[in-house]
Amino acid sequence: MRYVIKTAFAGLIGILFAVLFTGCRTDEQKQISRTQPVEKELPHYSLTNVTHYHYEKDYLRLKVIFKHGDFFSQENELRVENCSFVYYDRNGEKLSSGSSKRAVLYQDESLLIAEEDVVVISAVNGARLDTEYLEWIGKEDRFSTDRFVTITRKNGDILTGMGMDADVALQFITIRKNVKGSIRPE
């Protein structure tokens, strides 16, 4: 009986030692991983609470207002968070405005890619575009996406579908596929 108790006690001590040893090893591993450098792309500079004006051929095309942004010089892109934007025509008239959670502005290409909770409202006709991804292609004065879109007009018309091309004022819209909608009679 005494032998069984000693063996059980020794087994219990062995289990406790294994648990303690494993715990120490995990802490040691955590400490090692904390000291190892993490490779992360660093921005050339960071900006907060900024209004960015994008001009082409001496006229304002786009205004982007954002809470935080990072400029990466190697890619020549400005990545912004919690932004709003306004698009203008050649005469300085507002065509549409909107917002998104994130966006990337490529200055050399006249391209803005907005992502997550993207909303654009036409200043011309009040149409509203909702999507999760939208490209503003400045050289062509148009929006484009391959994602699901919802277009809501002031009169209550609703169109949905996959993929879209539209002018910046949301007057001429082409939904690429799976078009559905409800059109209210005039």
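- Remark: Ile158 CD1 to Thr152 OG1 distance equals 5.0 Å, nearest 0.5 Å.
- Between Glu116 and Arg102 there is a salt bridge, since a side-chain N of the basic residue sits under 4.0 Å from a carboxylate O of the acidic one.
- A 4.5 Å side-chain heavy-atom check between Ser144 and Ile137 finds at least one atom pair inside the cut-off.
- The aromatic rings of His54 and Trp136 stand perpendicular to each other, their planes meeting at an angle above 60°, with 30° marking the opposite boundary.
- Inter-residue side-chain proximity for Asn49 and Lys67 is flagged as met; some heavy-atom pair is nearer than 4.5 Å.
- Residue Lys177 holds its NZ atom at 15.0 Å from CE of Met164, rounded to the nearest 0.5 Å.
- Annotation: side chain of Val118 is not in contact with side chain of Glu132 (no heavy-atom distance under 4.5 Å).
- Note that the CZ atom of Arg142 and the OH atom of Tyr87 stand 13.0 Å from one another [nearest 0.5 Å].
- The shortest distance between side-chain heavy atoms of Asp165 and Arg176 falls below 4.5 Å.
- Between Leu134 and Leu129, the closest side-chain pair of non-hydrogen atoms falls below 4.5 Å.
- A continuous path of hydrophobic side-chain contacts links Leu47 to Leu105 [ILVMFWY only; heavy atoms under 4.5 Å].
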- Task: Assess whether side chain to side chain contact (heavy atoms under 4.5 Å, CB included) is satisfied between Cys83 and Ser99, documenting all intermediate values.
- Result: CA-CA 6 Å; Cys83 60; Ser99 63; over 6 Å; no

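- Of the possible donor and acceptor atoms, one in the side chain of Asp167 sits under 3.5 Å from a partner among the backbone N and O of Phe172.
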- Query: Can you list the steps and then say if Glu56 with Arg61 is a salt bridge (charged side-chain N to carboxylate O under 4.0 Å, His left out)?
  - Reply: CA-CA 7 Å; Glu56 284 181 21; Arg61 298 291 307 280; 2.7 Å; yes

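- Across all non-hydrogen atoms, the minimal contact from Glu109 to Lys139 is O-CE, 3.9 Å.
- Note on Lys94 versus Asp89: no salt bridge recorded, every NZ/NE/NH1/NH2 to OD/OE distance being 4.0 Å or above.
- Using a 4.5 Å heavy-atom threshold, the side chains of Leu60 and Tyr53 count as touching.
- Annotation: the span from His52 atom NE2 to Leu112 atom CG amounts to 9.0 Å, rounded to 0.5 Å.
- The shortest heavy-atom contact between Val124 and Ala169 is CG2-CB, 3.7 Å.
- Grouping the Ile, Leu, Val, Met, Phe, Trp and Tyr side chains by contacts below 4.5 angstrom, directly or via other members, places Val50 with Tyr45.
- Here the rule is side-chain contact (heavy atoms from CB on, under 4.5 Å) with Arg128, and of Thr150, Val120, Ile121 only Ile121 fits it.
- A cation-pi arrangement is absent between Arg90 and Tyr59 under the rule of less than 6.0 angstrom and at most 45 degrees off the ring axis.
- Between the side chains of Glu115 and Tyr133, not a single donor N or O lies within less than 3.5 Å of an accepting N or O.
- Both tests hold for Arg79 against Phe72: distance to the six-membered ring centre under 6.0 Å, angle to the ring axis within 45°.
- Contact of the Phe71 side chain with the Pro43 side chain is not registered, since no non-hydrogen atoms from C-beta on lie closer than 4.5 Å.
- A distance-only check finds no donor-acceptor pair linking the side chain of Asp130 to the backbone of Asp117 [under 3.5 Å].
- In this structure, the side chain of Asn91 does not engage the main chain of Glu93 through any donor-acceptor pair within 3.5 Å.
- Here the CG atom belonging to Asp70 is positioned 10.5 Å from the OG1 atom belonging to Thr48, to the nearest 0.5 angstrom.
- A donor atom on one side chain and an acceptor atom on the other are not found under 3.5 Å apart for Ser122 and Arg153.
- Considering OG of Ser182 and CG of Leu159, their distance stands at 8.0 Å, rounded to 0.5 Å.
- Linking ILVMFWY side-chain heavy atoms closer than 4.5 Å, directly or via other members, places Met162 and Ile173 in two distinct hydrophobic clusters.
- Residues Ser84 and Ser97 are not in side-chain contact: their nearest non-hydrogen atoms beyond the backbone lie 4.5 Å or more apart.
- Both Ile151 and Val168 belong to a single network of hydrophobic side chains, linked directly or stepwise wherever heavy atoms of I, L, V, M, F, W or Y lie under 4.5 Å apart.
- When ring centroids are compared, Phe85 and Phe66 stay outside the 6.0 Å threshold.
- Leu62 and Tyr88 sit in two unconnected hydrophobic clusters of ILVMFWY residues. Membership requires side-chain heavy atoms under 4.5 Å apart, directly or through other members.
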